[in-house]
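For reference, the structure discussed in these notes is given below.
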Amino acid sequence: MEGKTMSELMTTDLHIQKQLRMEQVLKINQLAKSYSGQIYLLTNKKHIVDASKLPSLMAFLLTLKNGQPLKIIIDGYNPASMMQELEEIYAIRSVRFSKQVWHPAVKVKI
């Protein structure tokens, strides 16, 4: 069976600091749908959702509180690569907010 990779299970813990934007939720869903394995999100209260099911994923993420721990479970081929892609999606928020600069002294003509 050389050249074939076995299915693996990988988990990681994540803390959602701020609610995810719709763009991020859609990217997570699209990633899960295109993956040959399964991606699940789990809270410490044992609520679990399949990330490839958009309505369930949206409802699940809307119920999360800021700072709530979340476990990501990836079951499939090359889960490390999938985990890296998910971490990049989650990191979009912090990167974008750190680059925003507000200049309160700037005058705007209306």
Side-chain angles (χ1 to χ4, degrees):
M1 282 183 64
E2 194 173 321
K4 287 220 170 201
T5 308
M6 291 180 50
S7 181
E8 298 176 42
L9 183 67
M10 180 180 219
T11 66
T12 191
D13 293 317
L14 181 71
H15 289 272
I16 301 294
Q17 296 305 318
K18 294 194 177 185
Q19 195 169 26
L20 297 174
R21 292 184 323 273
M22 181 57 79
E23 169 192 342
Q24 290 170 295
V25 174
L26 291 173
K27 283 184 179 183
I28 292 167
N29 176 255
Q30 289 169 353
L31 188 64
K33 282 183 172 182
S34 67
Y35 184 51
S36 61
Q38 297 292 319
I39 299 174
Y40 298 102
L41 304 178
L42 173 72
T43 64
N44 58 354
K45 294 184 180 184
K46 306 301 180 217
H47 294 110
I48 191 166
V49 68
D50 181 344
S52 68
K53 311 289 186 211
L54 184 59
S56 301
L57 179 64
M58 287 175 54
F60 177 83
L61 292 173
L62 284 173
T63 62
L64 290 180
K65 295 182 175 126
N66 293 346
Q68 183 173 353
L70 178 70
K71 185 176 290 286
I72 300 173
I73 303 167
I74 301 175
D75 183 15
Y77 299 103
N78 197 5
S81 172
M82 197 57 43
M83 189 66 74
Q84 183 177 352
E85 289 188 51
L86 281 170
E87 288 171 353
E88 288 172 10
I89 292 170
Y90 284 109
I92 289 171
R93 185 171 194 89
S94 60
V95 170
R96 286 194 179 155
F97 277 104
S98 67
K99 289 184 179 179
Q100 281 186 344
V101 179
W102 292 94
H103 298 284
V106 175
K107 294 182 181 179
V108 178
K109 288 185 182 181
I110 299 178

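Below, all heavy atoms of this structure are taken into account, side chains as well, without hydrogens, waters or symmetry copies. Values in this document were obtained by computation on a predicted structure and should not be read as measured data.
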Is [Y] reachable from [X] through a run of hydrophobic residues whose side-chain heavy atoms are each under 4.5 Å from the next?
| X | Y | answer |
| --- | --- | --- |
| M82 | L26 | yes |
| L42 | L86 | no |
| I73 | F60 | no |
| L61 | L31 | yes |
| I89 | I74 | yes |

Quick check for you: to the nearest 0.5 Å, what is the distance between [X] atom [atom1] and [Y] atom [atom2]?
| X | Y | atom1 | atom2 | value |
| --- | --- | --- | --- | --- |
| S7 | N78 | OG | CG | 11.0 Å |
| I28 | E23 | CD1 | CD | 10.5 Å |
| E88 | K27 | CD | NZ | 10.0 Å |
| L9 | Q38 | CG | CD | 11.5 Å |
| T43 | K71 | OG1 | NZ | 11.5 Å |

Is there a side chain to side chain contact (heavy atoms under 4.5 Å, CB included) between I72 and L41? Walk through the geometry before answering. CA-CA 5 Å; I72 300 173; L41 304 178; 3.8 Å; yes

Would M22 and M58 satisfy side chain to side chain contact (heavy atoms under 4.5 Å, CB included), going step by step from the backbone distance to the final call? CA-CA 8 Å; M22 181 57 79; M58 287 175 54; 3.4 Å; yes

Would you say that S56 contacts V49 through its side chain, given a criterion of any heavy-atom pair below 4.5 Å between the two side chains?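 Contact flag for S56/V49 side chains = yes.
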
Give the minimum heavy-atom separation between P79 and E8, together with the two atoms involved. CG-CB, 3.8 Å

Can you tell me if Y35 uses its side chain to pair, donor with acceptor, with the backbone of Y77 under 3.5 Å? yes

Please check this pair: side chain of N29 against backbone of A51, looking for a donor-acceptor N/O pair closer than 3.5 Å. yes

Assess whether side chain to side chain contact (heavy atoms under 4.5 Å, CB included) is satisfied between S52 and I39, documenting all intermediate values. CA-CA 7 Å; S52 68; I39 299 174; over 6 Å; no

